[in-house]
Amino acid sequence: MSYYALSFEPGDVEEPLTAEDIAAIAASDMVAIDTETTGLDYDSRILGISVAWRVPGAMHSAYLNLSHPLSLFSARIDDDIVADVMRAVFEPDRPVALLNAVFDIEKLSRWGHLELPIEYPYLYDAQILARWLMSFEKFQGVSMEKLVSRRLGGMPPWMSSMKKMRSKLGTLPAEKVSPYARADAEFTLMLVEDLMREGRLLYDDEVLDTMLERESRFLWLLTRIQRHGILLDLEEIHERSVRMTADMQELRAFLKQNGIHNPDSRDSVLKGLPMHIVAGLPQTDNGNYKIDSAALAGKGPVAEAVLRYRSLGKAVGTWLDGFRSKVASDGRLHPRFRAAGTVSGRLSCNEPNLQAVPLADRGAAFGSLMGIFKAAPGFSLLAADYEQAELRTCAAYAKSTAMANAFKNGEDIHSFAASLMWPDSEINYELRQLGKRCNYCTTYGGGYRALAENTGIPESEAKIVINTYRRAFPELVAAQNRAGDVWEQRGYITMWNGRRHYKSPNDGSYKAFNQVMQGDVAELVKDAMLSVDARFAEMGVGNIVLQIHDSIEVEVQTDAVEDVKAMMRKEMVAAAPLHIMNRTEPPITMDVGFENWYPEEDE
DNA sequence: CGATTAAGCGCC
DNA sequence: AAACGGCGCTTAATCG
């Protein structure tokens with residue numbers, strides 16, 4: 001298969017950008033933009049900006065050298081010309097094509113080339129569009145390379161050497177980087193055109209237009225969240241790091257006495273553990289001994305010391321020293337969000353991943369890490385959580401009157417599940433745990449094996465428990481089957497707002513139900529974030545700083561906390577799709593809980 | 001040396 | 001027939 005044609009060859013002489021070009025950019029039906037930077041972190045600088053645009057019957061592109069090393073062949077471009085180009089690109093009435101839009105928009109705004117608007121112009125992100133209408137096997141993401149090879153037949157051979165240069169971009173003169181940068185912009189343009197063409201075929205126009213409008217506003221919002229960042233309590237982090245590192249040294253010394261010289265190394269641990277313990281360990285799929293926390297739990301003081309060491313090491317490396325090293329020059333942490341980071345429609349977050357910080361004390365050696373966050377003077381950090389969002393969605397989807405009633409009456413949903421499973425028993429802690437695990441297995445698509453793994457009961461008993469749950473909630477089983485059938489037959493499942501998740505051949509149909517639950521909630525939270533953000537724009541009391549799948553974290557003026565809670569509860573409940581929640585009698589209610597991150601609430 | 005894989009583990 | 005879904009980060013080990 002041949003690749004789509006670029007407008008140039010790598011050896012071509014580059015014409016300087018003219019005023020006519022800038023006018024053509026402004027007039028083009030579609031413009032693509034891509035930035036080349038010195039790195040990925042918040043403080044990395046923009047080396048250059050590439051722009052691709054259409055003129056009748058052809059495509060053009062240019063690379064603006066902002067800060068490449070000086071060379072004889074390529075001059076840096078004046079700031080006012082950059083500003084002219086930016087104005088032409090970000091014409092409010094015409095969409096801009098990008099690939100991973102938030103990254104580029106954030107960089108442009110961070111370095112003063114772009115004011116962050118609320119919603120216009122529309123941003124057409126190739127990665128988002130791809131998620132809407134393509135299927136993805138495991139490890140087959142939405143990188144430029146993957147998308148170009150799947151949609152446009154592949155990249156020209158000369159582009160494959162680009163990869164190696166990525167980290168050294170800042171040392172190269174602009175004329176070396178230009179062909180790759182321009183090709184990135186041109187491919188982005190072609191990808192978006194191609195994906196939009198197919199999107200129009202697959203989706204109802206009205207649905208697609210609504211999705212594009214909403215997603216575009218969301219991308220602008222996400223960029224503002226990223227730019228806002230979050231504050232860390234660096235003294236607290238340092239204290240904890242010192243304390244835990246000292247504990248780790250003690251553990252290291254103890255382990256050394258017991259023949260384990262490097263507890264971070266699997267080989268060393270296996271060498272040091274007593275023979276009879278090693279022999280009893282389960283194995284990984286590759287035939288190696290498992291030495292994870294489940295395998296080593298209760299296997300004696302040496303094994304316990306390894307686990308404790310590992311736990312503290314994770315905390316120091318990832319959340320204490322790891323986070324501290326990522327604080328930007330403005331003193332704040334700016335995690336990067338990827339709007340198309342998951343197949344399910346959730347966000348993903350990295351450098352650092354603030355969506356996976358242990359905020360609750362679950363008995364690990366490091367306890368809770370909530371205390372590492374703080375807010376600006378006069379501000380508080382607040383988390384607003386949808387309570388049981390996925391299970392409520394599940395109940396709505398399955399039209400479960402039983403669950404609807406339980407939620408309406410404010411019952412503990414896990415105890416409720418247990419009481420329906422074992423109507424003649426008093427629901428003690430153990431039975432509630434079983435009900436809880438069954439609820440989770442339902443939304444996660446798990447079976448008896450997963451249940452056994454999670455509860456510690458034998459698989460034979462787990463089978464019985466699962467069947468008890470299925471008998472208690474037959475409507476959930478029916479809904480699961482229905483979702484699987486639809487996925488199988490149509491090739492996709494549809495979220496409540498029309499977004500589709502296309503099935504890949506490798507996906508078992510059992511995944512369908514989970515993907516609807518997860519995807520529906522993802523859409524809900526996005527809408528809620530947009531509503532909350534709009535209210536913040538009016539109130540002027542704070543900002544969204546983070547999203548963790550079913551919760552929205554905000555930094556707000558302390559004296560406005562109660563107002564903000566009321567506002568967020570109202571907006572988040574209102575964001576729930578009523579035509580879904582009203583499917584049962586009584587309707588499924590939605591509830592929001594709050595947690596004070598900073599200052600921390602009293603125990 | 002950098003890139004990649006495996007194992008382990010944190011979150012929802 | 002069987003299947004717990006979705007992520008990112010760290011270290012060690014391995015490979016070119």
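Sequence lines set the chain letters: A, B, ... in the order given, protein chains first and strands last, and positions in each chain run from 1.
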Undergrad: For DNA chain C, note the earliest and the latest nucleotide, 5' to 3', having some atom under 4.0 Å of a heavy atom belonging to chain A.
TA: dA3(C) to dA13(C)
Undergrad: Take R240(A) and L369(A), measure what side-chain contact (heavy atoms from CB on, under 4.5 Å) needs, and give me the verdict at the end.
TA: CA-CA 10 Å; R240(A) 290 192 194 201; L369(A) 287 157; 3.8 Å; yes
Undergrad: Going by side chain to side chain donor-acceptor pair (under 3.5 Å), name the residues that satisfy it together with S311(A), two or more places apart in sequence or in a different chain.
TA: none
Undergrad: Would you give a per-nucleotide map of nucleotides 6-12 of chain B, 5' to 3', where B means the base has a protein non-hydrogen atom under 4.0 Å away, S means only the sugar-phosphate does, and - means neither?
TA: SSBBBSB
Undergrad: Heavy-atom nearest nucleotide on DNA chain C for Y440(A) versus P352(A): which residue maps closer to 5'?
TA: Y440(A)
Undergrad: Listed by chain and number, what are the salt bridge (Lys or Arg N to Asp or Glu O under 4.0 Å) partners of D264(A), not counting sequence neighbours?
TA: R252(A)
Undergrad: Keeping to residues at least two apart or across chains, list the salt bridge (charged side-chain N to carboxylate O under 4.0 Å, His left out) pairs with something in residues 339-366 of chain A.
TA: R336(A)-E351(A), R346(A)-E390(A)
Undergrad: Apply side chain to side chain donor-acceptor pair (under 3.5 Å) to Q127(A) and list each qualifying residue two or more places apart in sequence or on a separate chain.
TA: none
Undergrad: What residue pairs, at least two apart or across chains, pass ring-ring contact (aromatic ring centres under 6.0 Å, His included) with a residue in residues 335-357 of chain A?
TA: none
Undergrad: What side chain to side chain donor-acceptor pair (under 3.5 Å) pairs are there with at least one residue in residues 440-456 of chain A, not counting sequence neighbours?
TA: T442(A)-Y469(A)
Undergrad: Which part of the nucleic acid does V521(A) contact within heavy-atom distance under 4.0 Å: base, sugar-phosphate only, or nothing?
TA: nothing
Undergrad: Between side-chain atoms of residues 544-551 of chain A and protein atoms elsewhere (two or more places apart, or another chain), which donor-acceptor pairs fall under 3.5 Å?
TA:
| unit_1 | atom_1 | unit_2 | atom_2 | d |
| --- | --- | --- | --- | --- |
| Q547(A) | OE1 | Q355(A) | NE2 | 3.3 |
| Q547(A) | OE1 | H549(A) | N | 2.8 |
| S551(A) | OG | E553(A) | OE2 | 2.7 |

